[in-house]
Amino acid sequence: IKNSGKNGSILFNAEMNGSVNRRHALEQDLRRALQNNEMEICYQPLVNTESTALHGVEALIRWNHPRYGRLSPAEFIPIAEDNRLIIDIDRQTLRDACLHVKALHDAGHPGLKLSVNLSPVMVERDDFVDHVAATLEITGFPSDCLQLEITEGLLLNDRSDIVEKLESLTRMGLSLAIDDFGTGFSSLSYLQKFPISTLKIDRSFVQKLHQKNDDACIVGAIVSMAQGLRLQIVAEGVEHVSQFNYLRSLGCDVVQGYLFGAPGTMEELLGRYPGLVSS
Ligand code: C2E
Ligand code: CA
Ligand code: CA
C-alpha cells in the first residue's frame, strides 16, 4: 500500500471495504436465505469408469441470492461455518437430497448412489450420528445408497470419538469418502484406523494429468495404494477424454467432472439422463 501512492491506497481500501461489506451482508442474509428457500441443491453425475453408466450423484449446494445472484458454496460455506448456520444447511441438504434421490429410486433406479458433503462442524456435534439415523428413517432412504463425504482434517488426531461416530455410521450401512484426497495432510495411517471406503482424488491432480509430470505419478500411486487397501477410487474434475482414458487405464473405479456433466438442478440431471424417470 505504501508504494502505491494516494490513489492506489484509496482504491485498495475501497476494494477491501467492498469485500468486507459483502461478507457482512452475506452473514446477515444467511439465516433468512434458509427460511426463504434460497438454497438449491444441484446434482453432479458420478459415472462408472468401465461402463460409463451413471453410478450416482453428488449433492452440491447453491445459494440463489436475491441481490448477488447464484453464489458458490466456496464463498458462503466458510461464513456459514463461522456462524454455525452450516449445521442447518447440511441438515437441510441431507434431508432434501435423500428425498430427491429416493424419488429416482422409486421411479425405477433403486441402486442409484447419493453423496452428500458434510462440514466438520456438523460431524463434531454430539447429536450427529442420531441426526443421520433420524434422516434416513424420516426419508426412507436406503442407507447402503448413501455416501457421506468428509475431509481429511477430521481424521488427523486419532480421535476415538470420531472413530466411534464413523463406525456407528458404517454399522447403519452407509459409506464414507474422503473428499479432496491428497491436498491435506501427509499421514496416511488414518486410512486403516477409520472405516473409510472411498477416496476422492482432488481435481488439482486430475487436471494436470495430460501433461506427463509428477501429478500423473501421484494419481498412479494413490490408485495403487487404494487398490491395495481395497478402497474405491473416485477421480474428481475430469474434463478431458485423455484424462478419463488415463484414469481408466489405471483402474480408477468412478469418475466425476464436466466431461460427464457439471452440477445442475434435478431437472437438468433428468434432461441429461431421461431414462431416470421413464424406465
Ligand atoms: P467438492 O465437494 O470438492 O465438490 C466438487 C467441486 O468441483 C464442485 O464445486 C463442482 O462444481 C466442481 N467440479 C466438478 N467437476 C468439475 C470439473 O470437471 N472441473 C472443475 N473445474 N470443477 C469441477 P462447487 O459446487 O462450487 O462446491 C465447492 C465445494 O463446496 C465442494 O467441493 C464442497 O466442499 C462444498 N460444498 C458444496 N455443497 C456443500 C454442502 O451441502 N455442504 C457442505 N458442508 N459443503 C458443501
Ligand atoms: Ca465433495
Ligand atoms: Ca472434492
Side-chain angles (χ1 to χ4, degrees), residues 30 33-34 38-47 55-65 69-101 113-125 128 131-132 135 146-154 175-184 196 198-210 219 222 232-244 247 252 254-266 268-269 272:
L30 254 179
L34 277 162
E38 288 169 23
M39 300 290 174
E40 181 177 29
I41 306 175
C42 283
Y43 293 94
Q44 184 173 35
L46 273 76
V47 170
H55 167 81
V57 292
E58 176 174 359
L60 293 159
I61 194 151
R62 304 285 179 264
W63 180 1
N64 296 314
H65 191 283
R70 180 171 266 211
L71 298 182
S72 152
E75 179 167 14
F76 66 83
I77 296 268
I79 300 174
E81 286 181 330
D82 282 351
N83 67 14
R84 303 188 68 78
L85 275 176
I86 189 67
I87 295 157
D88 295 316
I89 294 176
D90 278 357
R91 286 178 165 187
Q92 184 173 309
T93 306
L94 180 64
R95 184 201 57 207
D96 291 351
C98 284
L99 289 172
H100 292 163
V101 176
K113 304 282 193 275
L114 166 65
S115 296
V116 177
N117 295 284
L118 290 183
S119 163
V121 176
M122 171 90 168
V123 180
E124 292 279 2
R125 280 180 65 92
F128 165 60
H131 185 81
V132 174
T135 305
L146 181 62
Q147 180 156 80
L148 299 178
E149 300 193 2
I150 57 175
T151 45
E152 280 172 298
L154 268 175
S175 64
L176 299 167
I178 301 184
D179 211 350
D180 306 335
F181 185 77
T183 57
I196 301 298
T198 302
L199 302 184
K200 296 192 76 170
I201 303 183
D202 190 69
R203 70 166 188 263
S204 57
F205 299 114
V206 173
Q207 270 168 355
K208 287 178 256 164
L209 272 186
H210 55 279
V219 172
I222 293 175
Q232 184 184 55
I233 278 279
V234 179
E236 299 186 307
V238 179
E239 295 181 358
H240 304 288
V241 177
S242 59
Q243 294 164 340
F244 171 71
L247 290 161
C252 170
V254 174
V255 287
Q256 176 180 3
Y258 294 166
L259 182 63
F260 299 95
T265 60
M266 185 49 93
E268 285 161 350
L269 181 79
R272 187 171 259 274

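These figures come from a predicted structure and were not determined experimentally. Quick note: residue numbers are just sequence positions, from 1. One-based numbering, in listed order, for ligands and for the atoms of each.
A salt bridge links Glu40 with Arg70: at least one charged nitrogen is closer than 4.0 Å to a carboxylate oxygen.
The distance from the CD atom of Gln44 to the OG atom of Ser115 is 10.5 Å, given to the nearest 0.5 Å. Taken to the nearest 0.5 Å, the CG atom of Leu199 stands 11.0 Å off from the CG atom of Asp179.
Distance check for Glu149 against the Ca ion (ligand 3): none of its N/O/S atoms falls below 3.0 Å. Contact annotation: Asp179 places an N, O or S atom under 3.0 Å from the Ca ion (ligand 2). Counting backbone and side-chain atoms alike, Asp180 contributes no N/O/S atom closer than 3.0 Å to the Ca ion (ligand 2). Residue Glu236: an N/O/S atom is found under 3.0 Å from the Ca ion (ligand 3). Within the 3.0 Å limit, Ser115 places no N, O or S atom next to the Ca ion (ligand 2).
Side chains of Arg62 and Pro73 form a contact here, defined as non-hydrogen atoms less than 4.5 Å apart.
In this structure, Asp90 contributes its side chain and Ser119 its backbone to a donor-acceptor pair below 3.5 Å. Judged by distance alone, the side chain of Gln243 and the main-chain N or O of His240 form a donor-acceptor pair under 3.5 Å. Judged purely by atom type and a 3.5 angstrom limit, Glu268 uses its side chain to pair as donor or acceptor with the backbone of Thr265.
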When you pair each N or O of ligand 1 with protein N or O atoms, which pairs come out under 3.5 Å?
{"residue": "ligand 1", "atom": "2 (O)", "partner": "Glu58", "partner atom": "OE2", "Å": "3.2"}
{"residue": "ligand 1", "atom": "2 (O)", "partner": "Asn117", "partner atom": "OD1", "Å": "3.0"}
{"residue": "ligand 1", "atom": "2 (O)", "partner": "Asp179", "partner atom": "OD2", "Å": "2.9"}
{"residue": "ligand 1", "atom": "3 (O)", "partner": "Asp180", "partner atom": "OD1", "Å": "3.2"}
{"residue": "ligand 1", "atom": "7 (O)", "partner": "Arg203", "partner atom": "NH1", "Å": "2.7"}
{"residue": "ligand 1", "atom": "15 (N)", "partner": "Gln44", "partner atom": "NE2", "Å": "2.9"}
{"residue": "ligand 1", "atom": "18 (O)", "partner": "Tyr258", "partner atom": "N", "Å": "2.8"}
{"residue": "ligand 1", "atom": "19 (N)", "partner": "Glu239", "partner atom": "OE2", "Å": "2.5"}
{"residue": "ligand 1", "atom": "21 (N)", "partner": "Gln207", "partner atom": "NE2", "Å": "3.3"}
{"residue": "ligand 1", "atom": "21 (N)", "partner": "Glu239", "partner atom": "OE2", "Å": "3.1"}
{"residue": "ligand 1", "atom": "22 (N)", "partner": "Tyr258", "partner atom": "OH", "Å": "3.3"}
{"residue": "ligand 1", "atom": "25 (O)", "partner": "Arg62", "partner atom": "NH1", "Å": "2.8"}
{"residue": "ligand 1", "atom": "25 (O)", "partner": "Arg62", "partner atom": "NH2", "Å": "2.8"}
{"residue": "ligand 1", "atom": "38 (N)", "partner": "Ile61", "partner atom": "N", "Å": "3.1"}
{"residue": "ligand 1", "atom": "42 (N)", "partner": "Asp90", "partner atom": "OD1", "Å": "2.7"}
{"residue": "ligand 1", "atom": "42 (N)", "partner": "Asn117", "partner atom": "O", "Å": "3.4"}
{"residue": "ligand 1", "atom": "44 (N)", "partner": "Asp90", "partner atom": "OD1", "Å": "3.1"}
{"residue": "ligand 1", "atom": "44 (N)", "partner": "Asp90", "partner atom": "OD2", "Å": "3.3"}
{"residue": "ligand 1", "atom": "44 (N)", "partner": "Ser119", "partner atom": "N", "Å": "3.4"}

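Legend: residues meeting side chain to side chain contact (heavy atoms under 4.5 Å, CB included) with His131, ordered by chain and number and at least two apart, are Arg91, Met122, Thr135.
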*Decide yes or no on ring pair (Phe, Tyr, Trp, His ring centres under 6.0 Å) for Phe260 and Phe244, but give the supporting numbers first.*
CA-CA 10 Å; Phe260 299 95; Phe244 171 71; 5.3 Å; yes
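Among heteroatoms of the N, O or S kind in Glu58, OE2 lies nearest the Ca ion (ligand 2).
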